[in-house]
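Down below is the structure, laid out as structure tokens.
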Amino acid sequence: MFLTDPALRRIAAETNDVLPERLWRHDTATRDPLGDLARILHATAREFTDSTTVLDRALDRLGVLADTTRRGLAARADLHAAGYHQALTDALTARERHIALGAMLLTVYRAWRHHRPVPGDGDERYLLLYAGDPTRGVATLRRQEPRTWLVIPDAEAATAFDIPYPDRIVGEVTEAEPGWTPTAYTAAPHHRTPAGMAYPLPVCDDLASACRSLLRWWHLRHSDTWRSRTPDQLTPAELAHLIS
């Protein structure tokens, strides 16, 4: 899974910035306003991570007590559960603190980001497959040619789309006029001709939908409904689903 860090996951969910690490740490030794922001952001991110653990534990305890109460109700119609009120109070308190820290994290991150743009034009990029939803995974994009990128889903994306290719190339996307053209394959390409089977897919409106199209194709390709078809042989509904 790419976004395992709670602070980076929250930032991605709110801003769609997918960071490979806490990049602001590189600025924490700088003795200027940017360094001040980086140090505050670093401290806030650590507190947010600790708060995530505390809230998770509080919710776990509340869940255990709720299950105990449910079993007691089923067995004896008895709602007594020792410690339930304290567990609920602890969970609500942890939740309120987590909300406040999350808001602070995003405020300081945006301030730091304003002065320190995150590189986005290099040979590797990271993209949420669904904007604002880290649970559907991240695609790593590696530049193959000036307008073409190899697409590599992380483990969370492979699970979300039910495909057996975590952290492996699933094809490429090429910027076209208009939109993006995906081509599905799993073997490493040789120049412009992929080794093995390649499946050209319909043009998509944007980069994220082109990446999703690749993963949806492989899901179909490994399903019982594939029946050895090519993209040209799919039904209109299946094609529409590929590019949505």
Side-chain angles (χ1 to χ4, degrees), residues 1-30 34-73 79-116 118-119 124-140 152-162 166-167:
M1 192 169 74
F2 194 95
L3 289 172
T4 57
D5 183 293
L8 298 184
R9 196 172 183 87
R10 179 59 182 275
I11 288 168
E14 295 293 333
T15 68
N16 292 315
D17 288 346
V18 181
L19 306 182
E21 59 168 321
R22 298 185 180 191
L23 296 178
W24 54 82
R25 289 186 297 187
H26 302 295
D27 295 327
T28 55
T30 305
L34 179 63
D36 292 339
L37 284 172
R39 286 186 288 277
I40 296 171
L41 179 54
H42 191 54
T44 305
R46 292 178 64 178
E47 287 190 68
F48 183 82
T49 297
D50 291 343
S51 172
T52 302
T53 301
V54 170
L55 179 57
D56 189 55
R57 289 174 179 170
L59 292 174
D60 278 347
R61 174 165 172 72
L62 190 61
V64 169
L65 288 172
D67 287 341
T68 301
T69 302
R70 189 179 296 113
R71 288 194 298 271
L73 181 63
L79 289 178
H80 175 70
Y84 185 82
H85 293 294
Q86 185 60 52
L88 179 60
T89 299
D90 291 345
L92 291 174
T93 300
R95 174 182 176 273
E96 292 301 318
R97 184 172 186 273
H98 195 67
I99 290 172
L101 283 171
M104 183 183 300
L105 174 73
L106 293 170
T107 297
V108 182
Y109 172 77
R110 289 188 173 103
W112 171 81
R113 180 78 161 75
H114 177 73
H115 296 283
R116 176 69 78 192
V118 174
E124 186 163 283
R125 301 165 61 179
Y126 308 100
L127 177 73
L128 284 182
L129 287 163
Y130 282 88
D133 185 3
T135 66
R136 305 300 292 276
V138 172
T140 296
I152 304 166
D154 71 347
E156 196 164 18
T159 298
F161 285 82
D162 192 20
D167 302 315

**Study point:** Euclidean distance, Thr52 OG1 relative to Asp56 CG, rounded to 0.5 Å
**Key:** 8.5 Å

Review point. Could Asp60 and Arg57 be called an ion pair, given the rule that one side-chain N must be under 4.0 Å from one carboxylate O?
Key: no

Check your understanding: Which atoms form the tightest heavy-atom contact between Leu19 and Trp24, and what is the distance?
Key -> CD1-CZ3, 4.0 Å

**Study point:** Side-chain heavy-atom pair His26, Glu21 within 4.5 angstrom cut-off
**Key:** yes

Exercise for review: Heavy atoms only: give me the nearest Glu47-Arg97 pair and the separation to one decimal.
Suggested key: OE1-NH2, 3.3 Å

Point to revise | Greater than 12 external heavy atoms within 6.0 Å of Arg39's CZ | key: yes

Point to revise | Test salt bridge (Lys or Arg N to Asp or Glu O under 4.0 Å) applied to Arg22 and Asp5, step by step | key: CA-CA 9 Å; Arg22 298 185 180 191; Asp5 183 293; 2.9 Å; yes

Point to revise | Nearest-0.5 Å distance, CD1 of residue Ile40 to OG1 of residue Thr28 | key: 12.5 Å

Review point. Can you find a heavy atom in the side chain of His98 that is under 4.5 Å from one in the side chain of Leu101?
Key: no

Review point. Does the side-chain contact (heavy atoms from CB on, under 4.5 Å) test come out yes or no for Arg70 and Asp67, once each step is laid out?
Key: CA-CA 5 Å; Arg70 189 179 296 113; Asp67 287 341; 2.7 Å; yes

**Study point:** 4.5 Å side-chain heavy-atom contact, Leu62 and Leu88
**Key:** yes

Exercise for review: Specify the closest pair of heavy atoms between Ala45 and Ala7, including all atoms of both residues, with the distance to one decimal.
Suggested key: CB-CB, 3.9 Å

Check your understanding: Taking C-beta and beyond as the side chain, do Ile11 and Leu105 meet within less than 4.5 Å on heavy atoms?
Key -> yes

Point to revise | Taking every non-hydrogen atom, the tightest pair across Pro20 and Leu8 | key: C-CD1, 4.4 Å

Practice item. Search all heavy atoms of Leu128 against all heavy atoms of Ala12 and return the closest pair with its distance. Key: CD1-O, 3.5 Å

Review point. Just checking, is any N or O donor in the side chain of Thr30 or Arg116 under 3.5 Å from an acceptor N or O on the other one?
Key: no

Check your understanding: How far apart are the C-alpha atoms of Arg9 and Thr135, what are their side-chain angles, what is the distance that settles it, and do they pass the side-chain contact (heavy atoms from CB on, under 4.5 Å) test?
Key -> CA-CA 9 Å; Arg9 196 172 183 87; Thr135 66; 3.9 Å; yes

Review point. Any side-chain heavy atom of Leu127 sitting closer than 4.5 Å to one from Val138?
Key: no

Check your understanding: What's the verdict on side-chain contact (heavy atoms from CB on, under 4.5 Å) for Asp27 and Leu37, showing C-alpha distance, side-chain angles and the deciding distance?
Key -> CA-CA 9 Å; Asp27 295 327; Leu37 284 172; over 6 Å; no

Review point. Mind checking whether Leu23 and Trp112 have side chains closer than 4.5 Å, heavy atoms only?
Key: yes

Check your understanding: Taking only residues two or more places apart in sequence or in another chain, which ones pass ring pair (Phe, Tyr, Trp, His ring centres under 6.0 Å) with Phe161?
Key -> none

Check your understanding: Are more than 12 heavy atoms from other residues, nucleotides or ligands located less than 6.0 Å from atom CZ of Arg46?
Key -> no

Review point. Quick one: are Phe2 and Thr140 in side-chain contact, heavy atoms under 4.5 Å?
Key: yes

Exercise for review: Find the distance between CG (Asp50) and CG (Leu55) and round it off to the nearest 0.5 Å.
Suggested key: 12.5 Å

Review point. Hey, does Asp167 have a side-chain heavy atom less than 4.5 Å from the side chain of Asp154?
Key: yes

Check your understanding: In Å and rounded to the nearest 0.5 Å, what is the CD to OG1 distance from Glu156 to Thr4?
Key -> 9.5 Å

**Study point:** Ala94 to Ser51 - nearest heavy-atom pair and separation
**Key:** O-OG, 4.4 Å

Check your understanding: Which is it for Tyr84 and Thr68 under the side-chain contact (heavy atoms from CB on, under 4.5 Å) test, yes or no, and what are the steps along the way?
Key -> CA-CA 10 Å; Tyr84 185 82; Thr68 301; over 6 Å; no

